[in-house]
Amino acid sequence: MQYQAPKGTKDVTPKESYKWQYIEDIIREICDKYGFSETRTPVIEHTELFLRSVGDTTDVVQKEMYTFLDKGDRSITLKPEGTAGVARMFMEHGLFNDAQPTKMYYLYCPVFRYDKPQAGRLREHHQFGVEVYGAPRASVDAECIALALELFERVGIHGLCVNINSIGCPQCRPIYNAALADYLRANYDGLCETCKSRFEKNPLRILDCKEQRCKDICAGAPMITDYLCEDCSAHFDELKGCLNSLDISYKVDPFIVRGLDYYTKTVFEIIANSNGYSGTVCGGGRYDCLMEQLGGPKLPGVGFGLGMERLLLTAELCGAFIPQQRQVEVYVAAADAARVAGFVLAAQLRKAGIKTEFDHVGRSFKAQFKYADKLNARIVAILGEDELRDDRVKLKNMQNGEEKSVELLSAAQSIKEILA
RNA sequence: GUGGGUGUAGUUCAGCUGGAUAGAGCGCCAGAUUGUGGCUCUGGAAGUCGUGGGUUCAAAUCCCAUCACCCACCCCA
């Protein structure tokens, strides 16, 4: 084949789009129930927005962004995550002037990261995410987690782990960072090479290292949870209390450090451990300083992002049943002499709200039947020369084989009776 | 970005210690069944053997490069 989709991108073929639609429908329904409204923001943003929000020392910004100059010499970036764009939209439209909180979600939002692709990790993937601004209490944090869990449950994904942590705020984190740096400096020689370089840029990231020697060192490192200020500590306690009250089981994992700089206080990850794919299927947290950092008012925020491709992959590995939504209700099979009449009948049935299919290939009468069967049509409306002459149509129920002849004019009514 | 594996019909794969017209299942099309599907049987279409180069009398098979996918690391959704 001469052309193929660019590396790390994936087509959704017409055979599988129903899976996406199924999940999207569930998402809309749940978000609506929780009081979230959909928002849509551009695929491109000014590069500066991501430098200021995601953070210019993060891997995402440093090596994974699709950045280019447009014809007006503006530096433009394909969005690598969903939060920054929504924050920008929120400020640009002065939504902070409305009664708060503002609860928003985005769906099928394309996200780009220049990374080495593998299963569940693409260069272009699609996110569903939730953003709440103007709600400082930890109950929203818990509400977001509950929303995500409800989605997973509805889709049929089980065996999930909720890991939470608090990474403090500008008050307490510097104190912790200093303590961590002191500890790591004392153990510097034992760290792996990448961690040695991390030490200068972002020592927090070392906690996330998968190398055993670094893990061993980190096991004895000071814990952020011991350094939280009163406010952060109370917030973290409130979150745990809220999760407990909803019977959501979770694990406090002091080693969760998110890769995006805007997080404060709550961070969480939902991990799938299904046979085959195991990894983060949802990640999020609180970003109380983001809005201010971007030059807006001081307004707390919280949310999460969730990769749709990973969600779908995990659902399939869990053996989740995803119903095929469309089913042909009537296939109009017409003999050659009755083609025009059949074409018109199909149009009339559709007008009556019946899902109808008609032959546009020029198949033989018999082949039309075979094809109707392949489409899983529930009824075949037969228009032969006899029927055409008598202004009638024969309806065959494909499940039980029963046939009955009805007047052409009352076909829609008769079909509805059979379908009911 | 680092290391490893794999690329053969639409699809899943066989063939690979070099040898003649490159195979199978499923799918697709047609017929058996001259107005009636599923099952069965018969036939058919469909492949630059990922791409480019090299070795050789001869390459799907060996070598090199390249592209893509998969796995691990990194990072993340």
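Here is how names work: the chains are called A, B, and so on, in the same order as the sequence lines, proteins then strands, and each is numbered from 1.
- Among the atoms of the strands shown, none is found under 4.0 Å from any heavy atom of A:Gly129.
- With P as the reference atom, B:rC26 and B:rU40 are 9 Å apart, rounded to whole Å.
- Of all non-hydrogen atoms in A:Met291 and A:Leu299, the two that sit nearest each other are CB-O, 3.7 Å.
- Remark: B:rG1 base-pairs with B:rC73; criterion is Watson-Crick or G-U wobble with both hydrogen-bond distances under 3.5 Å.
- The pairing partner recorded for B:rG44 is B:rC28, the criterion being a Watson-Crick or G-U wobble arrangement whose two distances lie under 3.5 angstrom.
- Protein atom CZ of A:Phe50 is 16 Å distant from nucleotide atom C1' of B:rC76, rounded to whole Å.
- Across every strand in view, B:rA20 sits unpaired, with no contact that passes the Watson-Crick or G-U test at under 3.5 angstrom.
- Between B:rG54 and B:rC73, the two C1' atoms lie 34 Å apart (nearest whole Å).
- B:rA14: no Watson-Crick or G-U partner with both key distances under 3.5 Å is found in any strand.
- Screening A:Cys232, A:Pro170, A:Pro136, A:Pro300 for a side chain to side chain contact (heavy atoms under 4.5 Å, CB included) with A:Asp288, the sole residue that qualifies is A:Pro300.
- Minimum atom distance to the side chain of A:Glu403 is reached by B:rU36, of the listed B:rG37, B:rU36, B:rC29.
- Residue A:Lys366 has a polar side-chain atom (N or O) positioned under 4.0 Å from OP1 or OP2 of B:rG37.
- Between A:Phe36 and A:Tyr105, the gap from one ring centroid to the other reaches at least 6.0 Å.
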In 5'-to-3' order, the base (B), backbone-only (S) or no-contact (-) status of each nucleotide in nucleotides 65-71 of chain B, using a 4.0 angstrom heavy-atom cut-off, is --SSSSS

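- At a threshold of 4.0 angstrom between heavy atoms, the contacts of A:Leu395 with the nucleic acid are absent.
- Here the rule is salt bridge (Lys or Arg N to Asp or Glu O under 4.0 Å) with A:Lys19, and of A:Glu24, A:Glu316, A:Glu309 only A:Glu316 fits it.
- A donor-acceptor contact under 3.5 Å is formed by the side chain of A:Asp373 with the base of B:rG37.
- Note that A:Arg363 lies in the cation-pi zone of A:Tyr371, set by a 6.0 Å cut-off to the ring centre and a 45° limit from the axis.
- In this structure, A:Lys63 does not reach the B:rC74 phosphate: none of its side-chain N or O atoms is under 4.0 Å from OP1 or OP2.
- Nucleotides B:rG27 and B:rC69 place their C1' atoms 23 Å apart, quoted to the nearest Å.
- A distance of about 12 Å separates the P atoms of B:rU33 and B:rG37, rounded to the whole Å.
- Between B:rG10 and B:rG1, the distance separating the two P atoms is 31 Å to the nearest Å.
- The P atoms of B:rC49 and B:rG23 are separated by 14 Å, rounded to the nearest whole Å.
- Around CG of A:Asp226, the count of heavy atoms belonging to other residues, nucleotides or ligands within 6.0 Å exceeds 12.
- As rounded to the nearest Å, B:rA32 and B:rU12 have C1' atoms that lie 29 Å from one another.
- Residue A:Arg363 is the one, among A:Arg363 and A:Ile382, whose nearest nucleotide of RNA chain B lies closer to the 5' end (criterion: closest heavy atom).
- When all heavy atoms of A:Pro80 and A:Met65 are compared, the pair lying nearest together is CG-SD, 3.8 Å.
- The CG atom of A:Asp59 sits 14 Å away from the C1' atom of B:rU2 (whole-angstrom rounding).
- With both ends at atom C1', the span from B:rU11 to B:rA72 equals 28 Å, rounded to whole Å.
- B:rU56 makes up no base pair with any nucleotide shown, lacking Watson-Crick or G-U wobble contacts both under 3.5 Å.
- Residue contacts shown for A:Glu387 include a base, since a base heavy atom lies under 4.0 Å away.
- For a distance-only test at 3.5 Å, the side chain of A:Gln399 fails to qualify as a donor-acceptor partner of the base of B:rG37.
- Within the 3.5 Å criterion, the main-chain N or O of A:Val162 finds no donor-acceptor partner in the side chain of A:Lys251.
- B:rU6 is paired with B:rA68 under the criterion used here, namely a Watson-Crick or G-U wobble arrangement in which both key atom distances are under 3.5 Å.
- With respect to A:Thr264, the side chain to side chain contact (heavy atoms under 4.5 Å, CB included) criterion is satisfied by exactly one of A:Ser166, A:Cys172, A:Cys289: A:Cys289.
- For A:His125, the listed nucleotide lying nearest its side chain is B:rA77; candidates were B:rU36, B:rC29, B:rA77.
- In this entry the distance linking CE of A:Met398 with P of B:rG38 reads 9 Å, nearest Å.
- Annotation: of the two residues near RNA chain B, A:Ala333 and A:His126, the 5′-most nearest-nucleotide partner is A:Ala333.
- Across all strands shown, B:rG37 has no partner, as no Watson-Crick or G-U wobble contact with both distances under 3.5 Å is found.
- The residue A:Gly305 sits close only to the backbone: its heavy atoms come under 4.0 Å of sugar-phosphate atoms, none of a base.
- What you find for A:Lys240 and A:Val252 is that their closest heavy atoms are CD-CG2, 4.1 Å.
- Residue contacts for A:Lys374: at a heavy-atom cut-off of 4.0 Å it reaches the sugar-phosphate backbone alone, with no base atom in range.
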